[in-house]
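The figures that follow rest on heavy atoms only: side chains count, while hydrogens, waters and symmetry mates do not. Chain letters run A, B, ... following the sequence lines, proteins first and then strands; every chain starts at 1. Just so it is clear, the model here is predicted, and its values are computed rather than measured.
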Number of protein chains: 2
Amino acid sequence: MTKAPLGNLLFADAPMGAPPAPGLCPIRDVLSLVGQKWTLLILIALEAEPRRFSALQRAVGDISKRMLTQTLRDLERDGMISREVFPTKPPAVEYALTDLGRSALAPIAGLKDWANRHHGAIKAARTAFDGV
Amino acid sequence: MTKAPLGNLLFADAPMGAPPAPGLCPIRDVLSLVGQKWTLLILIALEAEPRRFSALQRAVGDISKRMLTQTLRDLERDGMISREVFPTKPPAVEYALTDLGRSALAPIAGLKDWANRHHGAIKAARTAFDGV
DNA sequence: CTGTATCCAGGGGGATACTG
DNA sequence: CAGTATCCCCCTGGATACAG
């Protein structure tokens with residue numbers, strides 16, 4: 001506790017490449033989730049109804065199978081989504097939000113609201129900044 | 001509207017490396033903010049009071065000058081923080097939240113709350129998943 | 001003190017081909 | 001259909017040195 005007051009309290013579990021030390025800081029965990037470029041998209045895509053692998057890929061639009069698989073694994077590991085395999089002729093796999101995953105949609109909605117309300121201000125700020 | 005329903009509606013402005021097309025989607029903008037690994041940390045560090053460059057670096061703890069500068073520029077460009085230069089003997093620069101930046105703290109707090117409430121569940125899910 | 005410039009390693013992530 | 005495996009490019013971001 002000699003240094004890095006804010007950093008250690010909120011995020012820092014290690015400089016960057018060190019063993020994650022599972023969950024030193026809650027915020028750090030959430031950030032690694034939210035910052036993942038595809039996670040929110042997938043959670044939102046699952047909000048209305050469970051979806052299968054290829055349905056998800058279509059819904060998101062421009063995600064590769066590789067990234068979709070990886071992100072789904074991460075979300076499953078974090079308990080945000082469930083994965084059910086149907087041993088049909090061509091195998092089908094359905095993903096759905098867990099209660100935990102669904103509970104995350106609330107704060108995410110808060111973020112979306114803020115984004116929609118202030119998007120114009122941000123764009124204006126950028127234009128002004130760049131236009132100097 | 002032929003494909004990528006969710007993706008285009010929420011995020012996709014380009015595969016990844018293409019010109020950002022300023023602000024196609026609000027959520028995408030917010031994500032690029034939140035996902036930036038240092039932005040939230042800096043906003044939170046500025047919540048209580050304006051701070052100078054080196055004070056911010058100390059507060060965050062493990063951020064390099066390079067990344068601190070870059071993140072501050074991005075936040076300034078987005079109108080989230082202000083930058084005031086004092087032409088003193090050794091120059092001093094003070095950063096502060098703008099109204100826009102301050103308004104972002106609310107949804108961020110929602111995220112923090114969710115994180116604190118469900119951190120245990122996430123850790124448990126991970127342990128269970130890994131322990132298989 | 002507050003940056004900017006350069007160098008460079010590591011990893012994120014796309015494309016493609018293959019498997020069960 | 002639902003992945004896995006491989007290749008590989010490029011960007012992120014740390015370290016260091018330099019400038020105003």
Measure across [X] and [Y] and return the closest heavy-atom pair with its distance rounded to 0.1 Å.
X	Y	answer
A/L68	A/F53	CD2-O, 3.6 Å
B/I42	B/T71	CD1-CG2, 3.7 Å
A/R51	A/L46	N-CD2, 3.7 Å

Output all residues satisfying side-chain hydrogen bond (donor to acceptor under 3.5 Å, both in side chains) with B/S103, sequence neighbours left out; order by chain, then residue number.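 Applying side-chain hydrogen bond (donor to acceptor under 3.5 Å, both in side chains) to B/S103 gives A/W114.
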
I'd like a list of close polar pairs between nucleotides 1-6 of chain D and the protein, N/O only, cut-off under 3.5 Å.
unit_1 : atom_1 : unit_2 : atom_2 : d
D/dC1  : O3'    : A/R52  : NH2    : 3.0
D/dA2  : OP1    : A/R52  : NE     : 3.0
D/dA2  : OP1    : A/R52  : NH2    : 3.3
D/dA2  : OP1    : A/V93  : N      : 3.4
D/dA2  : OP2    : A/S54  : N      : 2.9
D/dA2  : OP2    : A/S54  : OG     : 2.4
D/dG3  : OP1    : A/R83  : NE     : 3.4
D/dG3  : OP1    : A/R83  : NH2    : 2.5
D/dG3  : OP2    : A/Y95  : OH     : 2.6
D/dG3  : N7     : A/K65  : NZ     : 3.2
D/dG3  : O6     : A/K65  : NZ     : 2.7

Please list all pairs meeting side chain to side chain donor-acceptor pair (under 3.5 Å) that have one or both residues in residues 88-100 of chain A, counting only residues at least two apart or in different chains.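 As it turns out, the side chain to side chain donor-acceptor pair (under 3.5 Å) pairs with a partner in residues 88-100 of chain A, which skip direct neighbours, are A/R83-A/Y95.
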
Tell me the interatomic distance from [X], atom [atom1], to [N], atom [atom2], rounded to whole angstroms.
X	N	atom1	atom2	result
B/K37	D/dC11	NZ	C1'	14 Å
B/M67	C/dC8	CE	P	18 Å
B/Q57	C/dT2	CD	C1'	10 Å
B/L68	D/dG13	CG	P	13 Å

Close side-chain approach of [X] to [Y], heavy-atom, < 4.5 Å:
X	Y	result
B/L100	A/H118	yes
A/D74	A/L33	no
A/Q70	A/M67	yes

Could you pull out all residues at least two apart from B/R77 that satisfy salt bridge (charged side-chain N to carboxylate O under 4.0 Å, His left out)?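 Salt bridge (charged side-chain N to carboxylate O under 4.0 Å, His left out) list for B/R77, sorted by chain: A/D130.
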
May I ask you to list the residues of residues 74-82 of chain A, by number, that have any heavy atom positioned under 4.0 Å from an atom of DNA chain D?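 None, since no heavy atom is under 4.0 Å.
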
For the helix from C/dC1-D/dG20 to C/dG20-D/dC1, what angle lies between the axis at the first five pairs and the axis at the last five pairs, to 10 degrees?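 One end axis against the other gives 40°.
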
Examine distances only and state if a side-chain atom of B/E84 and a backbone atom of B/V93 form a donor-acceptor pair shorter than 3.5 Å.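 No, because the side chain of B/E84 does not come within donor-acceptor range (under 3.5 Å) of the backbone of B/V93.
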
